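Reading through the C-alpha coordinates given below for one structure.
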Number of protein chains: 2
Amino acid sequence: MKTSGKNIQASKNNLTGPAVAVDILLFSIIEKRLKVLLLKITQGPYKDQWALPGGLVWIDETLDGAAERVLQEKAGIKRLYLEQLYTFGGLKRDVRGRSVSVAYFALVDSDKFIPKTTEYYSDIRWHEAEDLPVMAFDHKEIVRYGLERLQNKIGYSNIAYGLLPREFTLSDLQGVYEIIIGEKLDKRNFRKKLKMTDIVATTERVRLGHKNRPAGLYRFKKRGLVFTK
Amino acid sequence: MKTSGKNIQASKNNLTGPAVAVDILLFSIIEKRLKVLLLKITQGPYKDQWALPGGLVWIDETLDGAAERVLQEKAGIKRLYLEQLYTFGGLKRDVRGRSVSVAYFALVDSDKFIPKTTEYYSDIRWHEAEDLPVMAFDHKEIVRYGLERLQNKIGYSNIAYGLLPREFTLSDLQGVYEIIIGEKLDKRNFRKKLKMTDIVATTERVRLGHKNRPAGLYRFKKRGLVFTK
DNA sequence: GCAAAAGTGTTAGTTGTACACCCATGT
DNA sequence: ACATGGGTGTACAACTAACACTTTTGC
(Lines give C-alpha, C1' and ligand atoms only; values in the text may rest on other atoms or scores of the structure.)
Protein backbone atom coordinates (compact mmCIF):
# COMPACT_ATOMS: atom_id res chain seq x y z
CA MET A 1 0.00 0.00 0.00
CA LYS A 2 1.59 3.18 -1.12
CA THR A 3 0.23 5.44 1.54
CA SER A 4 3.15 7.80 1.77
CA GLY A 5 6.46 9.03 0.47
CA LYS A 6 8.17 6.38 2.54
CA ASN A 7 6.12 3.69 0.88
CA ILE A 8 6.89 4.95 -2.55
CA GLN A 9 10.53 4.79 -1.61
CA ALA A 10 9.99 1.20 -0.53
CA SER A 11 8.51 0.36 -3.87
CA LYS A 12 11.72 1.43 -5.59
CA ASN A 13 13.35 -1.62 -4.11
CA ASN A 14 10.50 -3.60 -5.39
CA LEU A 15 9.89 -2.95 -9.07
CA THR A 16 8.33 -6.31 -9.22
CA GLY A 17 7.27 -7.69 -5.85
CA PRO A 18 6.59 -11.28 -4.81
CA ALA A 19 4.27 -13.32 -7.00
CA VAL A 20 0.87 -14.01 -5.46
CA ALA A 21 -0.53 -17.52 -5.55
CA VAL A 22 -3.33 -19.46 -3.92
CA ASP A 23 -3.01 -23.05 -2.73
CA ILE A 24 -6.02 -25.14 -1.85
CA LEU A 25 -6.09 -27.59 0.99
CA LEU A 26 -9.05 -29.81 0.16
CA PHE A 27 -10.13 -32.27 2.84
CA SER A 28 -12.54 -35.13 2.51
CA ILE A 29 -13.40 -38.24 4.47
CA ILE A 30 -12.95 -41.44 2.52
CA GLU A 31 -13.22 -44.92 3.92
CA LYS A 32 -13.39 -43.45 7.42
CA ARG A 33 -10.09 -41.58 7.10
CA LEU A 34 -9.37 -37.89 6.72
CA LYS A 35 -7.79 -37.29 3.32
CA VAL A 36 -6.14 -34.41 1.47
CA LEU A 37 -6.14 -33.97 -2.30
CA LEU A 38 -2.64 -33.78 -3.78
CA LEU A 39 -1.21 -33.51 -7.27
CA LYS A 40 2.02 -35.05 -8.46
CA ILE A 41 4.29 -32.55 -10.16
CA THR A 42 5.66 -33.61 -13.55
CA GLN A 43 8.48 -31.19 -14.14
CA GLY A 44 10.95 -28.72 -12.66
CA PRO A 45 12.83 -28.85 -9.38
CA TYR A 46 9.87 -30.41 -7.55
CA LYS A 47 9.32 -33.16 -10.13
CA ASP A 48 7.72 -36.27 -8.64
CA GLN A 49 6.82 -34.54 -5.41
CA TRP A 50 3.25 -34.00 -4.28
CA ALA A 51 1.69 -30.56 -4.00
CA LEU A 52 -1.58 -28.90 -3.15
CA PRO A 53 -3.60 -27.67 -6.09
CA GLY A 54 -2.59 -24.06 -6.62
CA GLY A 55 -2.00 -21.30 -9.11
CA LEU A 56 -1.14 -17.68 -9.56
CA VAL A 57 -3.71 -15.01 -8.82
CA TRP A 58 -4.77 -13.04 -11.85
CA ILE A 59 -4.76 -9.28 -11.83
CA ASP A 60 -8.51 -9.11 -12.29
CA GLU A 61 -9.77 -11.67 -9.81
CA THR A 62 -10.12 -11.62 -6.05
CA LEU A 63 -8.28 -14.06 -3.82
CA ASP A 64 -11.47 -15.96 -3.14
CA GLY A 65 -12.16 -15.93 -6.85
CA ALA A 66 -8.74 -17.37 -7.61
CA ALA A 67 -9.29 -20.10 -5.04
CA GLU A 68 -12.60 -21.06 -6.61
CA ARG A 69 -11.12 -21.04 -10.09
CA VAL A 70 -8.17 -23.22 -9.12
CA LEU A 71 -10.47 -25.69 -7.43
CA GLN A 72 -12.61 -25.80 -10.53
CA GLU A 73 -9.67 -26.16 -12.92
CA LYS A 74 -7.68 -28.72 -10.97
CA ALA A 75 -10.35 -30.74 -9.26
CA GLY A 76 -13.39 -30.00 -11.38
CA ILE A 77 -15.43 -29.01 -8.40
CA LYS A 78 -17.29 -25.98 -7.18
CA ARG A 79 -19.74 -24.75 -4.60
CA LEU A 80 -18.14 -26.25 -1.53
CA TYR A 81 -16.97 -25.00 1.83
CA LEU A 82 -14.04 -22.65 1.28
CA GLU A 83 -12.30 -20.31 3.69
CA GLN A 84 -9.00 -18.50 3.77
CA LEU A 85 -6.50 -20.26 5.99
CA TYR A 86 -3.25 -18.31 6.23
CA THR A 87 -0.75 -16.58 3.99
CA PHE A 88 2.68 -18.11 3.68
CA GLY A 89 5.52 -15.87 2.65
CA GLY A 90 8.83 -17.50 3.56
CA LEU A 91 11.76 -16.59 1.33
CA LYS A 92 12.62 -20.19 0.52
CA ARG A 93 9.15 -21.55 0.03
CA ASP A 94 9.61 -21.87 -3.74
CA VAL A 95 13.16 -22.25 -5.02
CA ARG A 96 12.14 -20.91 -8.45
CA GLY A 97 11.42 -17.42 -7.19
CA ARG A 98 9.87 -15.33 -4.47
CA SER A 99 6.22 -16.00 -3.95
CA VAL A 100 3.53 -15.44 -1.39
CA SER A 101 0.82 -18.03 -1.17
CA VAL A 102 -2.62 -17.44 0.26
CA ALA A 103 -3.68 -20.86 1.46
CA TYR A 104 -7.35 -21.82 1.39
CA PHE A 105 -9.05 -24.55 3.26
CA ALA A 106 -11.88 -26.51 1.61
CA LEU A 107 -14.13 -29.41 2.49
CA VAL A 108 -16.01 -31.75 0.22
CA ASP A 109 -18.26 -34.74 0.57
CA SER A 110 -16.26 -37.38 -1.27
CA ASP A 111 -19.39 -38.74 -2.94
CA LYS A 112 -19.47 -35.51 -4.88
CA PHE A 113 -16.42 -36.17 -7.01
CA ILE A 114 -13.68 -38.55 -7.95
CA PRO A 115 -10.34 -36.95 -8.75
CA LYS A 116 -9.15 -37.56 -12.31
CA THR A 117 -5.66 -37.34 -13.67
CA THR A 118 -5.46 -34.77 -16.46
CA GLU A 119 -2.82 -34.04 -19.01
CA TYR A 120 -1.20 -31.61 -16.60
CA TYR A 121 -0.47 -33.96 -13.73
CA SER A 122 1.00 -37.41 -13.64
CA ASP A 123 -1.28 -38.20 -10.74
CA ILE A 124 -4.00 -36.71 -8.57
CA ARG A 125 -4.87 -38.57 -5.40
CA TRP A 126 -6.33 -38.50 -1.92
CA HIS A 127 -3.63 -38.92 0.73
CA GLU A 128 -3.92 -39.57 4.43
CA ALA A 129 -3.89 -36.19 6.16
CA GLU A 130 -1.91 -37.67 9.02
CA ASP A 131 0.61 -39.55 6.88
CA LEU A 132 1.83 -37.35 4.08
CA PRO A 133 4.21 -38.19 1.23
CA VAL A 134 7.23 -36.07 0.32
CA MET A 135 5.78 -32.70 -0.57
CA ALA A 136 6.93 -29.71 -2.61
CA PHE A 137 7.28 -26.14 -1.32
CA ASP A 138 6.10 -25.58 2.24
CA HIS A 139 2.95 -27.55 1.59
CA LYS A 140 3.41 -29.94 4.48
CA GLU A 141 3.31 -26.97 6.80
CA ILE A 142 0.10 -25.76 5.17
CA VAL A 143 -1.53 -29.14 5.70
CA ARG A 144 -0.51 -29.21 9.35
CA TYR A 145 -1.86 -25.72 9.90
CA GLY A 146 -5.13 -26.53 8.16
CA LEU A 147 -5.59 -29.73 10.08
CA GLU A 148 -5.30 -27.79 13.29
CA ARG A 149 -7.87 -25.27 12.08
CA LEU A 150 -10.26 -28.05 11.17
CA GLN A 151 -9.82 -29.76 14.52
CA ASN A 152 -10.52 -26.54 16.37
CA LYS A 153 -13.34 -25.31 14.22
CA ILE A 154 -15.38 -28.47 14.34
CA GLY A 155 -15.66 -27.86 18.07
CA TYR A 156 -17.44 -24.52 17.81
CA SER A 157 -19.21 -24.54 14.44
CA ASN A 158 -21.31 -26.60 12.07
CA ILE A 159 -18.38 -26.91 9.65
CA ALA A 160 -18.90 -30.67 9.38
CA TYR A 161 -21.68 -29.97 6.92
CA GLY A 162 -18.96 -29.56 4.30
CA LEU A 163 -17.98 -33.20 4.65
CA LEU A 164 -21.41 -34.79 4.55
CA PRO A 165 -24.18 -35.22 2.00
CA ARG A 166 -27.48 -33.37 2.48
CA GLU A 167 -28.94 -36.18 4.56
CA PHE A 168 -27.00 -38.28 7.00
CA THR A 169 -27.46 -40.28 10.17
CA LEU A 170 -26.30 -39.09 13.56
CA SER A 171 -23.79 -41.93 13.59
CA ASP A 172 -22.37 -40.62 10.32
CA LEU A 173 -22.00 -37.21 11.90
CA GLN A 174 -20.44 -38.60 15.05
CA GLY A 175 -18.02 -40.52 12.83
CA VAL A 176 -16.92 -37.28 11.17
CA TYR A 177 -16.19 -35.76 14.56
CA GLU A 178 -14.29 -38.82 15.72
CA ILE A 179 -12.17 -38.99 12.60
CA ILE A 180 -11.26 -35.33 12.75
CA ILE A 181 -10.44 -35.06 16.42
CA GLY A 182 -9.00 -38.55 16.50
CA GLU A 183 -10.88 -39.98 19.44
CA LYS A 184 -14.02 -41.93 20.18
CA LEU A 185 -17.02 -40.05 21.54
CA ASP A 186 -19.89 -41.20 23.70
CA LYS A 187 -23.04 -41.61 21.65
CA ARG A 188 -25.48 -40.30 24.23
CA ASN A 189 -23.41 -37.27 25.18
CA PHE A 190 -22.76 -36.47 21.55
CA ARG A 191 -26.45 -36.43 20.76
CA LYS A 192 -27.36 -34.43 23.83
CA LYS A 193 -24.83 -31.74 23.00
CA LEU A 194 -25.85 -31.72 19.35
CA LYS A 195 -29.44 -31.10 20.38
CA MET A 196 -28.31 -28.06 22.35
CA THR A 197 -26.45 -26.50 19.43
CA ASP A 198 -29.56 -26.75 17.27
CA ILE A 199 -27.60 -27.12 14.04
CA VAL A 200 -29.35 -30.22 12.70
CA ALA A 201 -32.98 -31.07 12.13
CA THR A 202 -34.59 -34.42 11.51
CA THR A 203 -36.03 -35.26 8.14
CA GLU A 204 -38.81 -37.71 8.81
CA ARG A 205 -37.00 -40.30 6.74
CA VAL A 206 -34.85 -43.25 7.75
CA ARG A 207 -31.99 -45.06 6.10
CA LEU A 208 -32.80 -48.68 5.33
CA GLY A 209 -30.83 -51.43 3.63
CA HIS A 210 -28.24 -51.97 6.33
CA LYS A 211 -28.13 -55.10 8.39
CA ASN A 212 -29.42 -53.37 11.49
CA ARG A 213 -32.13 -51.13 12.81
CA PRO A 214 -32.94 -48.24 10.44
CA ALA A 215 -31.30 -44.95 11.34
CA GLY A 216 -33.09 -41.61 11.29
CA LEU A 217 -31.89 -39.18 8.64
CA TYR A 218 -30.95 -35.63 9.57
CA ARG A 219 -29.87 -32.51 7.72
CA PHE A 220 -28.02 -29.33 8.70
CA LYS A 221 -30.42 -26.45 9.20
CA LYS A 222 -27.95 -24.09 7.52
CA ARG A 223 -25.46 -25.20 4.92
CA GLY A 224 -23.15 -22.27 5.61
CA LEU A 225 -20.89 -21.60 8.56
CA VAL A 226 -22.65 -21.13 11.89
CA PHE A 227 -20.91 -20.79 15.23
CA THR A 228 -22.29 -22.77 18.10
CA LYS A 229 -20.66 -21.11 21.09
CA MET B 1 2.75 -21.32 -7.36
CA LYS B 2 3.83 -22.52 -10.77
CA THR B 3 3.38 -26.19 -10.22
CA SER B 4 2.34 -27.14 -13.72
CA GLY B 5 1.78 -26.25 -17.32
CA LYS B 6 -1.62 -24.93 -16.38
CA ASN B 7 -0.09 -22.61 -13.87
CA ILE B 8 2.43 -21.29 -16.30
CA GLN B 9 -0.43 -20.61 -18.65
CA ALA B 10 -2.15 -18.68 -15.88
CA SER B 11 0.93 -16.55 -15.42
CA LYS B 12 0.69 -15.38 -19.02
CA ASN B 13 -2.34 -13.37 -18.03
CA ASN B 14 -0.37 -12.06 -15.17
CA LEU B 15 2.96 -10.67 -16.30
CA THR B 16 2.88 -8.56 -13.25
CA GLY B 17 0.50 -9.81 -10.60
CA PRO B 18 -1.09 -7.93 -7.73
CA ALA B 19 1.24 -5.88 -5.52
CA VAL B 20 1.82 -7.34 -2.07
CA ALA B 21 1.58 -5.09 0.95
CA VAL B 22 1.34 -5.46 4.71
CA ASP B 23 -0.89 -3.34 6.90
CA ILE B 24 -0.50 -3.23 10.66
CA LEU B 25 -3.37 -3.02 13.05
CA LEU B 26 -1.74 -1.83 16.26
CA PHE B 27 -3.90 -1.84 19.38
CA SER B 28 -3.16 -0.29 22.72
CA ILE B 29 -5.12 0.67 25.79
CA ILE B 30 -4.90 4.34 26.63
CA GLU B 31 -6.88 6.09 29.30
CA LYS B 32 -8.97 2.94 29.74
CA ARG B 33 -10.06 2.81 26.10
CA LEU B 34 -9.04 0.48 23.31
CA LYS B 35 -7.19 2.46 20.64
CA VAL B 36 -5.84 1.86 17.15
CA LEU B 37 -2.86 3.66 15.64
CA LEU B 38 -3.70 5.50 12.41
CA LEU B 39 -1.79 7.74 10.03
CA LYS B 40 -3.24 10.62 8.08
CA ILE B 41 -2.46 10.44 4.37
CA THR B 42 -1.01 13.61 2.85
CA GLN B 43 -1.43 13.04 -0.87
CA GLY B 44 -3.17 11.15 -3.64
CA PRO B 45 -6.77 10.00 -3.89
CA TYR B 46 -6.95 9.19 -0.18
CA LYS B 47 -5.56 12.56 0.97
CA ASP B 48 -6.74 13.53 4.44
CA GLN B 49 -8.12 10.11 5.19
CA TRP B 50 -6.76 7.88 7.94
CA ALA B 51 -4.99 4.61 7.24
CA LEU B 52 -3.25 1.79 9.03
CA PRO B 53 0.52 1.87 8.88
CA GLY B 54 1.48 -0.22 5.88
CA GLY B 55 3.91 -0.70 3.06
CA LEU B 56 4.91 -2.90 0.18
CA VAL B 57 6.66 -6.18 0.83
CA TRP B 58 10.20 -6.28 -0.48
CA ILE B 59 11.37 -9.12 -2.64
CA ASP B 60 13.93 -10.20 -0.06
CA GLU B 61 11.95 -10.10 3.17
CA THR B 62 9.34 -12.39 4.63
CA LEU B 63 5.81 -11.21 5.37
CA ASP B 64 6.52 -11.21 9.09
CA GLY B 65 9.75 -9.34 8.37
CA ALA B 66 7.89 -6.72 6.37
CA ALA B 67 5.39 -6.29 9.19
CA GLU B 68 8.18 -5.76 11.70
CA ARG B 69 9.96 -3.32 9.42
CA VAL B 70 6.84 -1.26 8.78
CA LEU B 71 6.10 -1.10 12.47
CA GLN B 72 9.64 0.04 13.13
CA GLU B 73 9.64 2.63 10.34
CA LYS B 74 6.21 4.11 10.96
CA ALA B 75 5.83 3.78 14.67
CA GLY B 76 9.41 3.40 15.81
CA ILE B 77 8.62 0.31 17.77
CA LYS B 78 9.76 -3.28 17.83
CA ARG B 79 9.59 -6.49 19.83
CA LEU B 80 5.89 -6.57 20.50
CA TYR B 81 3.08 -9.02 20.01
CA LEU B 82 2.54 -9.51 16.29
CA GLU B 83 0.47 -12.08 14.44
CA GLN B 84 -0.91 -12.40 10.96
CA LEU B 85 -4.59 -11.53 10.81
CA TYR B 86 -6.02 -12.10 7.35
CA THR B 87 -5.23 -11.32 3.73
CA PHE B 88 -7.44 -8.86 1.92
CA GLY B 89 -7.56 -9.06 -1.84
CA GLY B 90 -10.66 -7.27 -3.11
CA LEU B 91 -10.37 -5.74 -6.58
CA LYS B 92 -11.41 -2.26 -5.47
CA ARG B 93 -9.49 -2.05 -2.22
CA ASP B 94 -6.98 0.46 -3.59
CA VAL B 95 -8.17 2.63 -6.45
CA ARG B 96 -4.59 3.23 -7.58
CA GLY B 97 -4.04 -0.37 -8.66
CA ARG B 98 -4.53 -3.99 -7.77
CA SER B 99 -3.03 -4.99 -4.46
CA VAL B 100 -3.22 -7.73 -1.92
CA SER B 101 -2.68 -6.77 1.68
CA VAL B 102 -1.59 -9.15 4.38
CA ALA B 103 -2.97 -7.59 7.54
CA TYR B 104 -1.12 -8.02 10.83
CA PHE B 105 -2.41 -7.58 14.28
CA ALA B 106 -0.17 -6.09 16.97
CA LEU B 107 -0.45 -5.15 20.62
CA VAL B 108 1.62 -2.71 22.63
CA ASP B 109 1.73 -1.40 26.14
CA SER B 110 1.15 2.29 25.54
CA ASP B 111 3.78 3.22 28.10
CA LYS B 112 6.30 1.85 25.66
CA PHE B 113 5.94 4.58 23.07
CA ILE B 114 4.33 7.82 22.06
CA PRO B 115 3.53 8.18 18.38
CA LYS B 116 5.35 11.04 16.67
CA THR B 117 4.44 12.79 13.47
CA THR B 118 7.24 12.52 10.94
CA GLU B 119 7.86 14.29 7.65
CA TYR B 120 5.88 11.62 5.87
CA TYR B 121 2.57 11.99 7.62
CA SER B 122 0.54 15.01 8.52
CA ASP B 123 -0.60 13.22 11.63
CA ILE B 124 -0.21 9.98 13.53
CA ARG B 125 -2.67 9.30 16.30
CA TRP B 126 -4.43 6.80 18.50
CA HIS B 127 -8.12 6.53 17.60
CA GLU B 128 -10.96 4.83 19.41
CA ALA B 129 -11.22 1.30 18.03
CA GLU B 130 -14.99 1.47 18.33
CA ASP B 131 -15.41 4.93 16.82
CA LEU B 132 -13.31 5.24 13.70
CA PRO B 133 -12.78 8.25 11.45
CA VAL B 134 -13.17 8.14 7.67
CA MET B 135 -10.60 5.62 6.54
CA ALA B 136 -8.79 4.89 3.29
CA PHE B 137 -8.82 1.59 1.39
CA ASP B 138 -10.67 -1.24 3.13
CA HIS B 139 -9.01 -0.41 6.42
CA LYS B 140 -12.20 -0.11 8.40
CA GLU B 141 -12.96 -3.70 7.54
CA ILE B 142 -9.51 -4.72 8.72
CA VAL B 143 -10.05 -3.01 12.06
CA ARG B 144 -13.40 -4.69 12.54
CA TYR B 145 -11.94 -8.07 11.74
CA GLY B 146 -9.01 -7.55 14.09
CA LEU B 147 -11.20 -6.36 16.89
CA GLU B 148 -13.19 -9.54 16.62
CA ARG B 149 -10.00 -11.59 16.70
CA LEU B 150 -8.82 -9.78 19.80
CA GLN B 151 -12.15 -10.22 21.57
CA ASN B 152 -12.14 -13.93 20.85
CA LYS B 153 -8.51 -14.59 21.55
CA ILE B 154 -8.42 -12.93 24.93
CA GLY B 155 -10.90 -15.58 26.04
CA TYR B 156 -8.64 -18.54 25.35
CA SER B 157 -5.10 -17.23 25.59
CA ASN B 158 -2.72 -15.04 27.55
CA ILE B 159 -2.66 -12.48 24.72
CA ALA B 160 -3.33 -9.64 27.18
CA TYR B 161 0.35 -9.72 28.06
CA GLY B 162 0.92 -7.66 24.92
CA LEU B 163 -1.05 -4.78 26.39
CA LEU B 164 0.51 -4.66 29.84
CA PRO B 165 3.91 -3.85 31.30
CA ARG B 166 6.02 -6.63 32.84
CA GLU B 167 4.41 -6.16 36.25
CA PHE B 168 0.81 -5.28 36.82
CA THR B 169 -1.95 -5.68 39.36
CA LEU B 170 -4.82 -8.09 38.96
CA SER B 171 -7.14 -5.12 38.71
CA ASP B 172 -5.08 -3.80 35.80
CA LEU B 173 -5.46 -7.15 34.09
CA GLN B 174 -9.16 -7.33 34.79
CA GLY B 175 -9.47 -3.83 33.34
CA VAL B 176 -7.86 -5.00 30.09
CA TYR B 177 -10.38 -7.82 29.80
CA GLU B 178 -13.28 -5.51 30.53
CA ILE B 179 -12.20 -2.92 27.99
CA ILE B 180 -11.71 -5.49 25.26
CA ILE B 181 -14.88 -7.49 25.72
CA GLY B 182 -16.84 -4.40 26.67
CA GLU B 183 -18.43 -5.59 29.88
CA LYS B 184 -17.77 -5.55 33.60
CA LEU B 185 -16.51 -8.73 35.23
CA ASP B 186 -16.85 -9.98 38.76
CA LYS B 187 -13.61 -9.57 40.66
CA ARG B 188 -13.75 -12.81 42.63
CA ASN B 189 -14.75 -14.94 39.66
CA PHE B 190 -12.13 -13.32 37.47
CA ARG B 191 -9.39 -14.17 39.94
CA LYS B 192 -10.63 -17.70 40.50
CA LYS B 193 -10.62 -18.43 36.79
CA LEU B 194 -7.25 -16.77 36.32
CA LYS B 195 -5.80 -19.03 39.00
CA MET B 196 -7.00 -22.04 37.03
CA THR B 197 -5.37 -20.98 33.79
CA ASP B 198 -2.03 -20.64 35.52
CA ILE B 199 -0.80 -17.90 33.20
CA VAL B 200 0.28 -15.37 35.83
CA ALA B 201 2.54 -15.62 38.86
CA THR B 202 2.93 -13.30 41.78
CA THR B 203 6.06 -11.27 42.18
CA GLU B 204 6.42 -10.73 45.89
CA ARG B 205 6.19 -7.01 45.34
CA VAL B 206 3.32 -4.58 45.76
CA ARG B 207 2.38 -1.33 44.11
CA LEU B 208 2.38 1.59 46.51
CA GLY B 209 1.69 5.27 46.04
CA HIS B 210 -2.01 5.05 45.39
CA LYS B 211 -4.57 6.32 47.82
CA ASN B 212 -5.66 2.86 48.83
CA ARG B 213 -4.42 -0.48 50.02
CA PRO B 214 -1.31 -1.63 48.14
CA ALA B 215 -2.00 -4.04 45.29
CA GLY B 216 0.05 -7.19 44.70
CA LEU B 217 2.11 -7.16 41.52
CA TYR B 218 1.94 -10.05 39.11
CA ARG B 219 3.69 -11.03 35.89
CA PHE B 220 2.84 -13.37 33.00
CA LYS B 221 4.70 -16.63 33.32
CA LYS B 222 5.31 -16.65 29.56
CA ARG B 223 5.51 -13.48 27.49
CA GLY B 224 4.59 -15.33 24.32
CA LEU B 225 1.26 -16.73 23.21
CA VAL B 226 -0.12 -19.53 25.37
CA PHE B 227 -3.54 -21.08 24.97
CA THR B 228 -5.58 -21.66 28.09
CA LYS B 229 -8.29 -24.03 26.89
C1' DG C 1 -32.51 -66.37 16.40
C1' DC C 2 -28.42 -63.97 15.95
C1' DA C 3 -25.47 -60.12 14.72
C1' DA C 4 -25.20 -55.29 14.17
C1' DA C 5 -25.96 -50.67 14.83
C1' DA C 6 -29.89 -47.42 16.63
C1' DG C 7 -31.82 -45.23 20.21
C1' DT C 8 -32.55 -43.53 24.94
C1' DG C 9 -31.64 -41.23 31.04
C1' DT C 10 -29.51 -40.84 35.29
C1' DT C 11 -25.89 -39.73 38.45
C1' DA C 12 -21.63 -37.56 40.02
C1' DG C 13 -18.15 -34.33 39.33
C1' DT C 14 -16.70 -30.02 37.59
C1' DT C 15 -17.22 -25.43 36.21
C1' DG C 16 -19.66 -20.97 36.06
C1' DT C 17 -22.27 -17.33 38.36
C1' DA C 18 -24.09 -14.41 41.78
C1' DC C 19 -23.20 -12.08 45.72
C1' DA C 20 -20.95 -8.74 50.53
C1' DC C 21 -17.79 -7.66 53.73
C1' DC C 22 -13.27 -6.39 55.88
C1' DC C 23 -8.42 -4.49 54.90
C1' DA C 24 -4.44 -1.31 54.10
C1' DT C 25 -3.08 2.72 52.51
C1' DG C 26 -3.15 8.08 51.29
C1' DT C 27 -4.95 12.33 52.47
C1' DA D 1 -11.55 9.45 60.18
C1' DC D 2 -12.80 8.78 55.72
C1' DA D 3 -12.38 7.62 50.90
C1' DT D 4 -10.49 4.37 47.70
C1' DG D 5 -9.62 0.33 45.56
C1' DG D 6 -7.56 -4.52 47.38
C1' DG D 7 -8.53 -8.83 48.72
C1' DT D 8 -11.27 -13.03 49.98
C1' DG D 9 -15.44 -17.59 50.19
C1' DT D 10 -19.78 -19.81 49.73
C1' DA D 11 -24.08 -21.59 47.67
C1' DC D 12 -26.70 -22.65 43.59
C1' DA D 13 -27.09 -23.49 38.72
C1' DA D 14 -25.33 -25.24 34.50
C1' DC D 15 -22.60 -28.23 32.05
C1' DT D 16 -19.64 -32.29 31.26
C1' DA D 17 -18.54 -37.14 31.63
C1' DA D 18 -19.31 -41.81 32.70
C1' DC D 19 -22.09 -45.56 32.06
C1' DA D 20 -25.97 -50.18 30.03
C1' DC D 21 -29.81 -51.87 28.19
C1' DT D 22 -33.70 -52.39 24.75
C1' DT D 23 -35.10 -51.95 19.77
C1' DT D 24 -35.29 -52.93 14.86
C1' DT D 25 -33.65 -54.54 11.01
C1' DG D 26 -30.88 -58.03 7.59
C1' DC D 27 -29.38 -62.42 7.09
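Predicted model only: the values in this text are computed from it and were never measured. Numbers restart at 1 for each chain; the letters A, B, ... are given by sequence-line order, proteins then strands. Excluded from the calculations below are hydrogen atoms, water molecules and symmetry mates; all remaining heavy atoms, backbone and side chain alike, are included.
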Where the side chain of A/R149 meets the backbone of A/L85, is there a donor-acceptor pair that is under 3.5 Å apart? yes
Do side-chain atoms of A/E178 reach the backbone of A/L185 as a donor and acceptor pair under 3.5 angstrom? yes
Name of the residue among A/D138, A/D23, A/T87 meeting side-chain hydrogen bond (donor to acceptor under 3.5 Å, both in side chains) with A/S101: A/D23
Treating B/K74 as the side-chain partner and B/G54 as the backbone partner, does any N or O pair qualify as donor plus acceptor under 3.5 Å? yes
Check whether any side-chain nitrogen or oxygen of B/S171 sits under 4.0 Å from OP1 or OP2 of D/dG6, and answer yes or no. yes
Once you build an axis from the first five pairs and another from the last five of the helix from C/dG1-D/dC27 to C/dT27-D/dA1, how far apart in angle are they, to 10 degrees? 0°
For A/L71, which of A/L37, A/L82, A/V22 qualifies under side chain to side chain contact (heavy atoms under 4.5 Å, CB included)? A/L82
Using atom types as modelled and distance alone, determine if a side-chain donor or acceptor of B/D48 lies under 3.5 Å from a backbone N or O of B/K40. no
Should the ring pair A/F190 and A/Y177 be called parallel, tilted or perpendicular, given that the plane angle runs from 0 to 90° and is split at 30 and 60? perpendicular
Parallel, tilted or perpendicular: ring planes of A/Y86 versus A/Y145, cut at 30 and 60 degrees: tilted
Has B/S157 got a side-chain atom pairing as donor or acceptor with B/L225's backbone, closer than 3.5 angstrom? no
Identify the residue among B/K193, B/K221, B/K222 that makes a salt bridge (charged side-chain N to carboxylate O under 4.0 Å, His left out) with B/D198. B/K221
In whole angstroms, the gap separating C1' of D/dG6 from CG of B/L217 amounts to 12 Å
Per-nt protein contacts along nucleotides 19-27 of chain C (heavy atom under 4.0 Å; B base, S backbone sugar-phosphate only, - none) come out as BB--BBBS-
Once you round it to whole Å, what is the distance between P of D/dA18 and NZ of A/K184? 16 Å
May I ask you to decide if the ring planes of B/F168 and B/F220 are parallel, tilted or perpendicular, using 30° and 60° as cut-offs? tilted
Please report the distance, rounded to the nearest Å, between OH in A/Y156 and P in D/dC15. 21 Å
Whole-Å gap separating C1' (D/dG6) and CZ (B/R205): 17 Å
Which of residues 190-204 of chain A sit near DNA chain C, with a heavy atom under 4.0 Å from it? A/R191, A/K192
